[in-house]
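Only a predicted model underlies this, so the values are computations on that prediction, with no experimental measurement involved. All values below were derived from every heavy atom in this structure, side-chain atoms included, with hydrogens, water molecules and symmetry-related copies excluded.
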Amino acid sequence: MGDEKPGVHRLSKLFQPYRWGRFTLQNRIKYGACCVSNYNERDGRISARELARTRVIASTGCGIITNQGAYPDPRGEGKAYFRQLALFDDRFLPQFEEIAGFIHDAGAVAIQQILHAGRYGGIDLGYCVQPSVIPQTLPHFRPPRALTKEQIRQTIREHAEAARRAVRAGFDGTEITSFMGYLLANFCSKFTNQRSDEYGGSIENRGRFMREMIREIKDATPDNPLIVRLNGTELMDRWGGNSEDECLELMQQAAECGVDMISVTVGWQEAPESSIGRDIPPGHWNYLAARAKKLLPQVPITFGVRLPDPGMANACIENGEFDLWEVCRPLLSDPQMVHKIAEGRDGEVRRCIGSLNCLSRLFRDLPYTCTINPALGHEVEPEYGITPAAVSKRIMVIGAGPAGMECAIAARQRGHEVTVFEKSGRIGGQLLGYGNNDLAHREDLLDIVRYYGVMANKLGIELRLNTVVEPRLMRSMLHQFDVAVVATGARIATEMLPAPSRPGLLVDAIDVAEGSVTPGQRVVVLGAGKIGLTLAESLASQGHRVTIVEAGKRIAEDVMPSFKWRHTQWVQELKIPTLTSTRVLAIGDQGVRVAGKDGTVQVLAADTVIAATERRPNQQLFHDLEWMVDEVHGCGDALVPQGLTRAIHGGYWLGVRL
């Protein structure tokens, strides 16, 4: 990346070459191992799907690239995920050699992470190992067994042997990790380490496992650097975990053992607080890296937890808060991000929105995917990529929400002529209203809409706003388009509710979200899915008296698994009464008459009743256009009302096939 590129000049610290031991990195960006992908074979072998993904990761332009964590033990006690990589035997080496080759061909330093999950491991065994028998706080993890001293020594040897194999495979160095509460963290933390021998008790003793492992790996690979990922904060105060000061002391111990770089991380899987989701403002945790750098000025510090903004990362490096920007999820959402920002094309970056679809999938033992990047996980399949169209078509996309815009952008990139018709005066669809009412970092959601605007302008996609597509309009445009894509979204099925006693009492959640309806002081929200919850939380935070009524047994049933707890917590913090298993009997001037599951009837006072119940797809245009256009397709909520991830993926996948 030459200095002639505007982004390199503007972000000069980020793109500055960095001397690290015997290596000169092409920039100060480290690709962080994003846990695991779950793309591989059940026995730990690397799959073709994984090789295709890592080839893309190698092309990201980072100075250091860390391959995802491999477990080091033949028993599988360190294995956290069904399809995690293994590195306990030489038979795995040929494909690790391929990955190291991809990374070196791209001019980056190759690091292999060794990941023993400890408390969260043993997925095929029915038990896990950790320093002490501390019961699980989350029921889906395995019951614990305490490691004996001989087993501790064996585990350390297995890590060193895995490191030696990684180097033999061509990796320049290795990394061990405590991120998310894995085995290294289990020994370091006073929550899970309650041993009474030399491996437990004082922080000096709790750090012994880490120190011995660092020394043994460095003895096994004396010419190769070792990185350790350590918590800047565990967020485990509720369970008696380490303080931030204790976390820093453990970093000091690692530094004294000669570790070559420290990656500062945040949180455990079972932490009751958020660490990397979009409810955490970007830059929130930067102070932890700054503390580590101040304590250890001679040790390279790398950091990137909830830090998706390259401008902020550049400023942090300039201010001496850390040495390298460690990027993971932002490079899953857009593997070309580094190249785009170097070229000054920041607006074209598909930014990570912190929805944690990736983690939600992993926690369900599925391969990870990305809300923003529909191609992630499909790199091995050419049909999921943008390829030139065999024949250029004239395509009309009806609806400028996420599904419609994704389809339009992908189709235009293939070489088609694309016109988007939108009934309102702006693009973004219902996402705009949803984003504007979100209590999390709403700029993440709104940035999706900004990206669509940038790309439409760059690609020359014609936008016809304030235009309703209906049969009469279509008859005036006959034969102007070869393809029609119906991306008209969904509507709230208010007809399924009792008729209100007067007009204006029952209103549509979408109208409230978009600001066309202003609710009264007392509000009853019917429906505790993500639309209803988002509006209820937003209104309650503004001082409205809000009650939620939900027919189902639970709230947040359509919310991303990794974000359900956040809505539950907001409802509690805002003191929003929530009635589940409750039917609506009538909507009148006195309020909403409801019946609980035990048959008890009550009236909830309301100035405004917001319908956020079942959504129905807007499908009339499928019938209207059937005999007017050669091809008629649909995507997004116009097919089946779902969420943002399915809308983006469905729109893109249709666009690359048209």
Side-chain angles (χ1 to χ4, degrees), residues 1 7-8 10-11 13-18 20 25-37 53-54 56-69 102-103 106-111 113 175 177 179-180 227 229 232 261-267 275-278 280 282-286 288-289 300-318 321-343 345-346 348-359 368 370-373 376 444 447:
M1 294 181 183
V8 172
R10 181 172 60 89
L11 304 173
K13 288 294 182 182
L14 202 58
F15 287 103
Q16 180 183 64
Y18 181 74
W20 182 44
L25 311 181
Q26 59 188 340
N27 54 43
R28 291 182 178 230
I29 305 173
K30 176 181 185 284
Y31 178 82
C34 292
C35 192
V36 305
S37 66
R53 184 199 77 98
T54 53
V56 171
I57 294 302
S59 71
T60 54
C62 299
I64 297 178
I65 294 178
T66 317
N67 193 37
Q68 65 177 268
F102 296 160
I103 296 171
V109 171
I111 301 294
Q113 186 183 90
E175 176 178 277
T177 181
F179 184 42
M180 295 179 72
I227 303 170
R229 303 194 82 190
M261 182 180 289
I262 293 176
S263 167
V264 180
T265 68
V266 176
S275 59
I276 57 177
R278 62 185 176 84
I280 298 295
H284 179 78
W285 302 115
N286 292 1
L288 295 170
I301 301 294
T302 182
F303 181 76
V305 182
R306 195 60 177 118
L307 180 52
D309 180 11
M312 184 185 293
N314 186 78
C316 289
I317 294 172
E318 195 165 32
E321 296 176 40
F322 53 81
D323 299 292
L324 289 93
W325 182 32
E326 186 156 25
V327 192
C328 170
R329 287 168 179 82
L331 284 170
L332 295 183
S333 61
D334 192 339
Q336 291 299 302
M337 178 190 70
V338 174
H339 301 290
K340 289 177 180 178
I341 62 176
E343 295 163 6
R345 299 188 290 129
D346 300 47
E348 299 175 31
V349 173
R350 283 181 173 266
R351 298 188 185 279
C352 173
I353 63 171
S355 72
L356 300 186
N357 175 66
C358 46
L359 286 184
Y368 69 28
C370 174
T371 292
I372 299 301
N373 180 6
L376 178 66
D444 286 325
D447 191 72

Trainee: Got a sec, which residues hit side-chain hydrogen bond (donor to acceptor under 3.5 Å, both in side chains) with Asp447, two or more places apart in sequence or on another chain?
Mentor: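 Per chain and number, Asp447 pairs via side-chain hydrogen bond (donor to acceptor under 3.5 Å, both in side chains) with Arg450.
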
Trainee: Answer whether the closest heavy-atom distance between the side chains of Ile280 and Trp285 falls below 4.5 Å.
Mentor: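 Yes; the side chains approach each other to less than 4.5 Å.
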
Trainee: Please examine the side chains of Ile317 and Phe322, heavy atoms only from C-beta on, and report whether any two atoms are closer than 4.5 Å.
Mentor: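 Answer yes - side chains close enough.
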
Trainee: Please examine the side chains of Arg351 and Asp346, heavy atoms only from C-beta on, and report whether any two atoms are closer than 4.5 Å.
Mentor: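 They are in side-chain contact.
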
Trainee: Quick one, Val266 and Leu288 - any side-chain contact, counting heavy atoms below 4.5 Å?
Mentor: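 Touching, per the 4.5 Å side-chain cut-off.
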
Trainee: Among residues at least two apart in sequence or on other chains, which ones pass side chain to side chain contact (heavy atoms under 4.5 Å, CB included) with Cys358?
Mentor: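 By the side chain to side chain contact (heavy atoms under 4.5 Å, CB included) rule, Cys358 matches Arg329, Tyr368.
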
Trainee: Residues two or more places apart in sequence or in another chain: which of them pass side-chain hydrogen bond (donor to acceptor under 3.5 Å, both in side chains) with Thr54?
Mentor: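 side-chain hydrogen bond (donor to acceptor under 3.5 Å, both in side chains) check on Thr54 returns nothing, list empty.
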
Trainee: Tell me every residue that passes side-chain hydrogen bond (donor to acceptor under 3.5 Å, both in side chains) with Arg350, counting only those two or more places apart in sequence or in another chain.
Mentor: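 Arg350: side-chain hydrogen bond (donor to acceptor under 3.5 Å, both in side chains) contacts with Glu406, Tyr451.
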
Trainee: Which residues pass the salt bridge (Lys or Arg N to Asp or Glu O under 4.0 Å) test with Glu343, sequence neighbours left out?
Mentor: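 Only Arg345 meet the salt bridge (Lys or Arg N to Asp or Glu O under 4.0 Å) criterion with Glu343.
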
Trainee: Considering residues at least two apart in sequence or located in another chain, which fulfil the side chain to side chain contact (heavy atoms under 4.5 Å, CB included) criterion with Phe179?
Mentor: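 Result, side chain to side chain contact (heavy atoms under 4.5 Å, CB included) vs Phe179: Thr177, Arg229, Thr265.
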
Trainee: Test of understanding: with side chain to side chain contact (heavy atoms under 4.5 Å, CB included), list the residues that count as partners of Pro330, not counting sequence neighbours.
Mentor: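 Once residues adjacent in sequence are excluded, the partners of Pro330 under the side chain to side chain contact (heavy atoms under 4.5 Å, CB included) criterion are Pro308, Val327, Met337, Cys352.
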
Trainee: Please name all residues satisfying salt bridge (Lys or Arg N to Asp or Glu O under 4.0 Å) with Asp323, sequence neighbours left out, ordered by chain then number.
Mentor: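 Asp323 satisfies salt bridge (Lys or Arg N to Asp or Glu O under 4.0 Å) with Lys293 once adjacent residues are dropped.
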
Trainee: Quick one: list whatever passes salt bridge (Lys or Arg N to Asp or Glu O under 4.0 Å) with Arg278, sequence neighbours left out.
Mentor: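 Applying salt bridge (Lys or Arg N to Asp or Glu O under 4.0 Å) to Arg278 gives Asp438.
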
Trainee: Considering residues at least two apart in sequence or located in another chain, which fulfil the salt bridge (Lys or Arg N to Asp or Glu O under 4.0 Å) criterion with Lys340?
Mentor: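 Checked Lys340 against salt bridge (Lys or Arg N to Asp or Glu O under 4.0 Å); matches are Asp334.
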
Trainee: Sequence neighbours excluded, which residues qualify as side-chain hydrogen bond (donor to acceptor under 3.5 Å, both in side chains) partners of Glu326?
Mentor: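 With sequence neighbours excluded, Glu326 shows a side-chain hydrogen bond (donor to acceptor under 3.5 Å, both in side chains) to Lys30, Ser263, given in chain and number order.
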
Trainee: How close do Gln68 and Ala33 get, heavy atom to heavy atom, and via which atoms?
Mentor: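 Residues Gln68 and Ala33, closest heavy atoms: CA-CB, 3.8 Å.
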
Trainee: Using atom types as modelled and distance alone, determine if a side-chain donor or acceptor of Asn27 lies under 3.5 Å from a backbone N or O of Leu14.
Mentor: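 Pair absent, no side-chain N/O of Asn27 close to backbone of Leu14.
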
Trainee: What residues, two or more places apart in sequence or in another chain, satisfy side chain to side chain contact (heavy atoms under 4.5 Å, CB included) together with Ala110?
Mentor: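 Here the qualifying residues are Ile103, His104, Phe171, Asp172.
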
Trainee: Roughly how far, to the nearest 0.5 Å, is OH of Tyr18 from NZ of Lys13?
Mentor: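 Answer for the NZ-OH pair, Lys13 versus Tyr18, is 11.5 Å.
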
